[in-house]
Protein chains: 2
Amino acid sequence: MAAQQGYFNQYQHADIDELADAIGELLNNPITIEDVDHKLIAYSSHGESTDQARWSTIMGRRVPERVLTRLWKDGVFQQLWTQDDPVHVPAKDEVGLGNRVAIAIRKGNDVLGYIWAQEVNRPFTPEDDEILRQAARVAVPRLLERQGKRRAEEQRRKEFFWELLLGNDTSEAVLKRKQKSLQLDLPSPFVICIIESPEPRLEQFLYPLLQRDKMLWVTDGTQVIILVGVPPAAASEGVTLRQYVEHFLGETAGKLKERFREEQTIGVYGRAYHSLPDVARSYREALQVLQVKHSFPAETGNVRGYSELGIYRFLPQLKRWADAEGYENERLLLLKQYDEENQTNLLQTLETFLDTVGRVNLTAQKLHIHINTLSYRLRRIEEIIEVDLDDANMRTSLYLDLKMAKIGRELGS
Amino acid sequence: MAAQQGYFNQYQHADIDELADAIGELLNNPITIEDVDHKLIAYSSHGESTDQARWSTIMGRRVPERVLTRLWKDGVFQQLWTQDDPVHVPAKDEVGLGNRVAIAIRKGNDVLGYIWAQEVNRPFTPEDDEILRQAARVAVPRLLERQGKRRAEEQRRKEFFWELLLGNDTSEAVLKRKQKSLQLDLPSPFVICIIESPEPRLEQFLYPLLQRDKMLWVTDGTQVIILVGVPPAAASEGVTLRQYVEHFLGETAGKLKERFREEQTIGVYGRAYHSLPDVARSYREALQVLQVKHSFPAETGNVRGYSELGIYRFLPQLKRWADAEGYENERLLLLKQYDEENQTNLLQTLETFLDTVGRVNLTAQKLHIHINTLSYRLRRIEEIIEVDLDDANMRTSLYLDLKMAKIGRELGS
DNA sequence: GTTTTGTTTGTGAAAATTCACAAATGAAGC
DNA sequence: GCTTCATTTGTGAATTTTCACAAACAAAAC
């Protein structure tokens, strides 16, 4: 063990650039060290030929956006964040990336940065992995020191974000002052987005994505709460906030499913706002969506935004109100009773009809019955419950009472 | 004056039958005296020929139902109740009624009974009217005495009815005992019906109708509150309660309109129930209908029953919730804004479309536009507010939010 | 048993809806 | 001036809806 850890014994107190050179010499390949934001910290100076990606990184003092996007899509960062071992990345010529291996520099669960090695002068050997593991450990104090200030600031930002989310009646002026002192630019419009999952490694999994887009986010265990705006690049292409958020959530959900076979992850978001005090409002809306999706999983299956909730925005409340005054829709009771007494399906027929906004063809298909059967049933329904299905008011209230009745049934079963 | 009042000076303390004979002699025609329920009290004994109606009345000790119905329809009782002078009624052969004249016996605003005279032996003269006027005055003490007990009982019934209406948590057992002691038979099912009118003579006008059907009713000035059940005669013909109540209200509304040119009379009713404690519930429902009809006169124009309220049953409540949390439907705002910026009518188009349950033909007709124009507009609406109008949930919530927005506008203007 | 009743499915024709495509209009922007 | 764009209206064809009428069937009532 002591022998194996010996590669960098003499570099315990060395400069980070010296460490990069030392690794580079041991591997006989070019080395780059980045922090968690992919800003360049150090690089080995001996290497001759470097690929396009490395060149751009050094010149721009940061890994180019398109490279990051590609690596994110391929799940490289997910691997880096969830495993201690080096990750081997095959060449990606499209983004000018040759074969390379990377390892995360971590302290506990936090990732402080990455060490990248390129396969240029000689092929990687299994021994190189151990060298990188040791290098990552040795680099820790250097990165901690370097990032101390940055982390403290991030901490303050997160605290401020929580303050905004909980909306403690702080005046807008005070909030704006704080915002300025933290150099936090609020995208406008923005939404608050919540990703909830029982997966314990959720945060680690999302971390690189959140870091990549420099989003403001916090977590409270099962939920990751994110403030999302349209990045300038997407905005210039005319992408709306709703499209962006939907894409963002689709991306995460897809990734999560493919990695953890996790179906229980739910991404939701509130409405779009512009001002600081509305962060709390958008957050509350997102929470409400989450709650409704738990109560009506089938009905709100592909709903993620508060604006898409429709009647489910107020249905639970309305149901409580109706229950309190003992209201029951007589017509629906009558129809249910008729169904029971005559072994018919008029209630289901009505519901399907209303669900398809009165499209008889569709309704008949869904129910697997002849269209004339449907038209006969609809006539019977109108007769039995004395209702005119061509009356918008009646249709609407039947629809609502039907969906409300389902709440009771779901909770009751 | 003293001279004119002299006809019955000697009969001040006479028996009611003697009074009938005295009038009969003065007019030289047959006389019948009835109480307010049309029960026979007295009749002159000298007349020879009597018509079918009088004969039936005397034999049955009450005016036959079909005669009452006919007189009611012709507005005879309305006249009797609202004027002090005798009312001349032309012969109605269909119900066996010859020419006759009648006057109400009244004490203040209360009608105690009627005096009927038939034109048999000689034609009526103007003097006969004065004789009848005086006779009606003389008859008062006799009817008061006779009806004292009956009135007291009616008073107790009305007090009991108020108790039921206000629903003071009295147990059903106690209520049932009271009901039994008052010999009150509750129709089942029943509804509570309210007729409201600014017309001060409303009660007087309705009195004979209410009396005719022996309904339980009370009044509090502008409102007459009635407990309505289906009379046995109608029930045997298969008339439902709803049909009966609608007919009843239609009848009163029609009569009121024709007599007072009164358009502001509103008749409403709660839902149908069977048990005593539900009287209060049906009453509260009727009151709610009344309130809603004041808030949405246009939308609920031909709605009278609580079951027909549809969404308006809960729309005010929904609106209060929305206001409390500052909710506004973004899509509708967006559409309104678009309309203002481009001088279009998309909001109105959407509302008409939703009002006609998506019947494009009807919508186009209502808006006086070509059907293709409508289809273009609907496509634009879907684009602008990013909504799928084939989605029942979205349609419903747009419909509700539209109608809710109208509340604000109405109250604001 | 027969008859009645409620339900399902079929046929066919008129009316309504949906869709693509094109021409005309008028207002806004160049 | 011209062009562009949103809007309205027209034409025509495929599809859907509506409606009336009738046959088939099973369960309930006689």
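Per chain, numbering begins at 1; letters A, B, ... match sequence-line order.
Remark: B:Arg304 fails to qualify as a cation-pi partner of B:Tyr269 under the 6.0 Å distance and 45° angle criteria applied to the six-membered ring.
Between the CG atom of B:Leu389 and the P atom of C:dT18 there is a distance of 11 Å, rounded to whole Å. Rounded to whole Å, the distance from CD1 on B:Ile369 to P on D:dT9 is 7 Å. Distance, A:Arg377 CZ to C:dT9 C1': 12 Å, rounded to whole Å. Regarding A:His368, its NE2 atom lies at a distance of 12 Å from the P atom of C:dT9, rounded to whole Å. We find that CZ of A:Arg379 is positioned 17 Å from P of D:dT17, with the value rounded to whole Å. In this structure, the CG atom of A:Asn345 is 15 Å from the C1' atom of C:dG6, given to the nearest Å. Regarding A:Asp390, its CG atom lies at a distance of 12 Å from the C1' atom of D:dT17, rounded to whole Å. For the pair B:Gln343 CD and C:dA28 P, the computed distance is 7 Å after rounding to whole Å.
Regarding contacts with the backbone of C:dT18, every side-chain N or O of B:Ser375 stays at 4.0 angstrom or more from both OP1 and OP2. Contact check, B:Tyr376 against D:dT7: a side-chain N or O comes under 4.0 Å of OP1 or OP2. Put simply, B:Arg380 has a side-chain N or O that comes within less than 4.0 Å of OP1 or OP2 on D:dT7.
DNA chain C is contacted by both B:Ile371 and A:Ile384; A:Ile384 maps to the nucleotide lying nearer its 5′ end (nearest heavy atom per residue).
The base of C:dT11 sits with one of its N or O atoms less than 3.5 Å from a complementary donor or acceptor on the side chain of A:Asn372.
A:Arg331 and A:Glu386 are not joined by a salt bridge, as no carboxylate oxygen comes within less than 4.0 angstrom of a charged side-chain nitrogen. Under 4.0 Å is where a charged nitrogen must lie from a carboxylate oxygen, and between B:Lys73 and B:Glu251 no such pair does. Taking 4.0 Å as the cut-off between side-chain N and carboxylate O, A:Arg380 and A:Glu383 count as a salt-bridged pair. In summary, B:Arg395 and B:Asp391 do not engage in a salt bridge, as defined by a charged side-chain N under 4.0 Å from a carboxylate O. In summary, A:Arg281 and B:Glu325 do not engage in a salt bridge, as defined by a charged side-chain N under 4.0 Å from a carboxylate O.
Using a 4.0 Å heavy-atom cutoff across all strands shown, A:Thr344 reaches sugar-phosphate atoms only and no base atom.
A donor-acceptor contact under 3.5 angstrom links the side chains of B:Asp401 and B:Tyr327, judged on distance only.
Contacts with DNA chain C (heavy atom under 4.0 Å) in residues 356-363 of chain B: B:Arg359, B:Val360, B:Asn361, listed by number.
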